[in-house]
Amino acid sequence: MEIASVIVDVPAKQTDRAFDYLIPDKWRDTIQPGMRVVVPFGPRNIQGFVIELKKESEVKQLREIIEPMDLEPILNHELLALGNWLTENTLCFKIFAYQVMLPAALKAKYEKLVKLAPGVEISALPLSLHSYFVKNGKLDWQDALKNGIVSLLQKETAKGHLEVQYIVKEKVRKKQRKYIRPLVSQAVLTEEMGKLPVNAEKQKQVISFFIERFAPIEMRLLVAELNITASTVKALVGKRILGEEEVEVYRDPYEHRSFERTKPMPLTKDQQTAIEPILNAVEQNLHEVFLLYGVTGSGKTEIYLQSIQEVIEKGQEAIVLVPEIALTPQMVNRFKGRFGDLVAVLHSGLSAGEKYDEWRKIQRKEVKVVVGARSAIFAPFENLGIIIIDEEHETSYKQEEMPRYHARDVAIERAKTYSCPVVLGSATPSLESFARAQKKVYHLLTLPTRMNNQTLPPVEIIDMREELREGNRSMFSRKLFDMLKDRIEKKQQTVLFLNKRGHSSFVMCRDCGYVMNCPNCDISLTYHRVNEQMKCHYCGYESFVPKACPECSSEHIRYFGTGTQKVEDELGKILPEARVIRMDVDTTGRKGSHERLLKDFQDGKADILLGTQMIAKGLDFPNITLVGVLSADTMLHLPDFRSSEKTFQLLTQVSGRAGRHQLPGEVIIQTYTPEHYSVELAGTQDYDLFYQQEMLNRKMHHYPPFYFLSLITISHEQLLAVVSATEKIVNYVQSRLSPEAVVLGPAASPIPRINNRYRYQCLIKYKREPNLTTTLRTILDQYQKDTKSGLQVSIDVNPFILM
DNA sequence: AGCACGCCGACT
DNA sequence: GTCGGCGTGCTC
């Protein structure tokens with residue numbers, strides 16, 4: 001095997017295939033499929049993934065691999081195959097499929113520089129260039145561009161005085177710590193100490209330290225301990241009395257934390273019934289998908305933990321997926337508490353280096369369990385025994401950039417390979433999953449009651465239109481206000497939830513109704529209070545807030561969209577005695593602040609926790625007896641067929657935060673549309689009825705789970721070009737599919753223009769279309785090939801956002 | 001995606 | 001005649 005097929009790190013249609021390279025003799029036994037390599041590609045050097053080895057190639061003039069970037073494959077056989085599967089199913093470039101499986105730290109960094117050719121003196125260059133090369137004979141290309149000397153450099157390169165160098169680098173280095181250890185025996189140490197000059201006080205100190213404590217020690221500890229500098233130690237190293245060595249260490253994000261070990265808890269009867277089929281599948285290595293449907297507080301996590309216990313005892317591994325916002329310290333504690341050092345955690349709060357280190361623990365099989373957000377589904381385990389997806393209905397499991405995969409689909413694909421079970425857990429399952437459970441595609445397991453048999457808290461729905469009619473113009477209903485006061489008096493805690501999503505704060509003129517729009521995108525600008533600016537979330541356009549309306553010069557400018565900050569201000573006015581903790585992107589930006597704010601709330605340092613999405617999940621504090629939802633319907637009117645489902649899920653989720661312990665809880669939901677079934681049924685916490693209602697809706701409008709969706713979005717600078725291209729695509733799709741399929745379009749996207757590009761779309765609804773993937777592939781091939789038409793086509797199979 | 005190559009207009 | 005503008009096509 002002397003030839004390697006390589007997928008190169010160039011995300012483009014034309015390079016989306018394997019390129020063959022000769023393996024130099026010295027690497028012939030080293031290079032294997034799944035390794036990253038540096039290869040020459042045109043004039044540059046870039047990173048690539050070896051996907052297979054072979055004896056022959058159709059290409060005659062092969063170039064040689066420059067060097068391997070790994071000592072061992074970082075993608076095993078299964079993951080390489082999974083990459084192919086991803087490519088085919090999400091229609092993405094191969095390179096994206098492989099990159100998504102690895103921590104960002106392993107993505108290549110490229111450097112281009114110019115240096116003196118070997119044997120060439122700096123005097124050979126024109127005088128004006130000397131200053132750039134005096135330092136080390138090298139010049140970064142970026143600096144050359146800045147100084148406008150590129151053409152000069154090119155001339156010298158042509159003459160052979162200079163050469164261009166392309167370097168492939170790793171983004172993050174492995175963390176190394178320097179250790180110092182004695183190289184000679186204690187007796188020799190004593191002897192050497194005597195030989196030292198009288199004034200070498202510090203060196204003597206170091207030697208006597210090692211005589212006393214004859215063991216390696218980390219350099220920084222040694223330096224701190226003896227109050228010396230590294231140079232003292234260096235001197236002894238130079239005399240070969242001491243030796244230094246670099247030891248690779250992990251950045252441990254949980255280094256200074258101890259976890260209280262927990263034991264398996266006795267299961268309730270319901271839990272017992274639910275866990276049995278899972279354990280059975282684990283024992284017998286059966287691939288089966290379970291839908292664990294259990295109300296909030298019914299003890300799903302204990303079922304996960306005990307199933308994993310079984311898997312570990314069998315010598316296998318487990319992946320647990322949790323939505324990013326639910327990956328709270330509380331959640332991590334439960335897993336670390338039960339399995340200790342066998343757990344790796346992967347979430348966005350970690351630095352790139354920390355993520356890389358957690359990932360390496362998995363790869364080296366030092367851990368048995370991974371708890372993480374979406375991308376943790378690619379954890380490089382090789383003996384998977386179970387995959388658990390908590391809060392299965394969460395939309396964050398779908399990635400919205402390439403590769404546009406859904407973690408649930410990847411989980412099932414991997415579980416098939418390993419012949420192991422998948423457990424999908426939720427109190428409010430997605431309609432898709434529940435429908436599959438009804439059709440016996442998934443195995444339904446139910447936990448109908450909360451543990452300790454607490455009842456779900458009573459929910460009251462307040463009609464805010466009524467409040468308005470009766471003269472209450474504040475954002476708090478009278479009832480909620482009274483109850484807030486009551487809880488403060490009783491020294492109990494309240495969670496106030498504000499759903500801001502889809503309701504950006506925009507600025508409108510109250511006289512003429514003028515709304516500030518982005519000049520490049522057909523979307524209103526969002527008001528940012530921090531620097532008093534208007535920003536476009538799609539292209540980054542910024543402008544100042546106008547003092548007067550640009551249209552009618554009126555000064556009655558109003559800020560719409562209630563933000564958490566505004567609620568906090570209002571609370572300060574009407575309930576000045578209340579201590580409030582606000583949690584949103586602004587207050588939790590810094591590392592660890594999320595955790596700290598929750599800790600403060602838990603310790604009773606505040607009466608009210610006010611926040612967005614991020615407080616809807618996982619909060620479990622005994623003193624919370626009131627949950628208030630300020631406006632339930634902010635996302636009900638979005639152009640999204642899932643908006644009812646999302647509203648119901650969110651309201652149910654939030655309600656579950658109250659009264660989880662001894663004290664009974666209450667929930668207040670404020671809304672402008674109390675008659676909507678998703679609000680009403682969230683009030684009675686009746687998932688089954690909601691499911692039936694929503695299924696009727698979906699059936700009527702040909703939406704999932706009755707139909708699959710695929711969305712093609714086409715964009716171009718000219719409106720006419722997009723419309724005609726979309727028309728062509730719609731016709732083509734229609735001609736290739738069965739009459740059963742519904743092909744909608746051309747229609748303008750919900751955001752009809754982004755960054756001065758018009759956007760049109762074609763939505764396909766279908767049940768079974770074996771031709772569809774090839775059809776979509778053909779379209780992509782067609783349009784990605786010719787870049788000169790200026791048309792951009794992107795395809796989302798099973799889209800979650802129709803924009 | 002880069003980058004070279006190549007073909008045209010504006011200069012020393 | 002040469003420099004440098006950007007359109008076209010290739011990268012094992």
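Note on naming: letters A, B, ... go to the chains in the order of the sequence lines (proteins, then strands), and numbering restarts at 1 for each one. All values below come from the heavy atoms of this structure, side chains included, with hydrogens, waters and symmetry mates left out.
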Under 4.0 Å between a side-chain nitrogen and a carboxylate oxygen: does that hold for [X] and [Y]?
X	Y	result
Lys109(A)	Glu170(A)	no
Lys646(A)	Asp640(A)	yes
Asp20(A)	Lys54(A)	yes

Can you see whether Tyr356(A) has Arg360(A) sitting over its ring - NZ or CZ less than 6.0 Å from the centre and within 45° of the normal?
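Because its charged atom sits under 6.0 Å from the ring centre and within 45° of the axis, Arg360(A) does stack over Tyr356(A).
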
Do we get Arg44(A) above Tyr110(A)'s six-membered ring, with its NZ or CZ under 6.0 Å from the centre and within 45° of the axis?
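No, Arg44(A) and Tyr110(A) do not form such a contact.
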
Ring pair (Phe, Tyr, Trp, His ring centres under 6.0 Å), that's the test. Do Phe641(A) and Tyr707(A) meet it? Break it down for me.
CA-CA 12 Å; Phe641(A) 70 94; Tyr707(A) 281 78; over 10 Å; no

Within residues 9-18 of chain A, find the residues that approach DNA chain C with a heavy atom at under 4.0 Å, and present them sorted by residue number.
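By residue number: Gln14(A), Thr15(A), Arg17(A).
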
Do the side-chain N or O atoms of Tyr110(A) get closer than 4.0 angstrom to the phosphate oxygens (OP1, OP2) of dG2(B)?
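Answer no for this pair, as no side-chain N or O of Tyr110(A) is under 4.0 Å from OP1 or OP2.
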
Would you say a side-chain N or O of Lys112(A) is under 4.0 Å from OP1 or OP2 of dC3(B)?
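Yes, such a contact exists.
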
Qualifying residue for ring pair (Phe, Tyr, Trp, His ring centres under 6.0 Å) with Phe49(A), from Tyr98(A), Phe93(A), Phe96(A):
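Passing option: Tyr98(A).
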
One pair to check against side-chain hydrogen bond (donor to acceptor under 3.5 Å, both in side chains): Glu324(A) and Ser348(A). What are the steps and the verdict?
CA-CA 7 Å; Glu324(A) 188 70 65; Ser348(A) 65; 3.1 Å; yes

Using a heavy-atom cut-off of under 4.0 Å over every strand shown, decide if Ser5(A) touches base, sugar-phosphate, or nothing.
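Counting heavy atoms under 4.0 Å across all strands, no contact is made by Ser5(A).
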
Do Tyr418(A) and Glu382(A) have side-chain atoms, one donor and one acceptor, less than 3.5 Å apart?
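Absent: no donor and acceptor within the cut-off.
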
Roughly how many Å is it from [atom1] in [X] to [atom2] in [N], rounded to a whole number?
X	N	atom1	atom2	answer
Gln154(A)	dC3(B)	CD	C1'	10 Å
Phe93(A)	dA1(B)	CZ	P	7 Å
Leu153(A)	dA4(B)	CG	P	13 Å
Gln165(A)	dC3(B)	CD	P	14 Å

Applying salt bridge (charged side-chain N to carboxylate O under 4.0 Å, His left out), run through Glu358(A) and Lys355(A) and close with a yes or a no.
CA-CA 5 Å; Glu358(A) 292 291 297; Lys355(A) 271 190 224 165; over 6 Å; no

Boundaries of the DNA chain C segment in contact with chain A, non-hydrogen, under 4.0 Å
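Terminal contacting nucleotides, 5' to 3': dG4(C) to dC12(C).
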
Evaluation steps, salt bridge (charged side-chain N to carboxylate O under 4.0 Å, His left out), between Lys26(A) and Glu67(A)
CA-CA 10 Å; Lys26(A) 57 183 167 182; Glu67(A) 61 182 358; over 6 Å; no

Close approaches to DNA chain B from residues 33-60 of chain A, in residue order (heavy atom, under 4.0 Å)
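Per residue number, the list reads Pro43(A), Arg44(A).
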
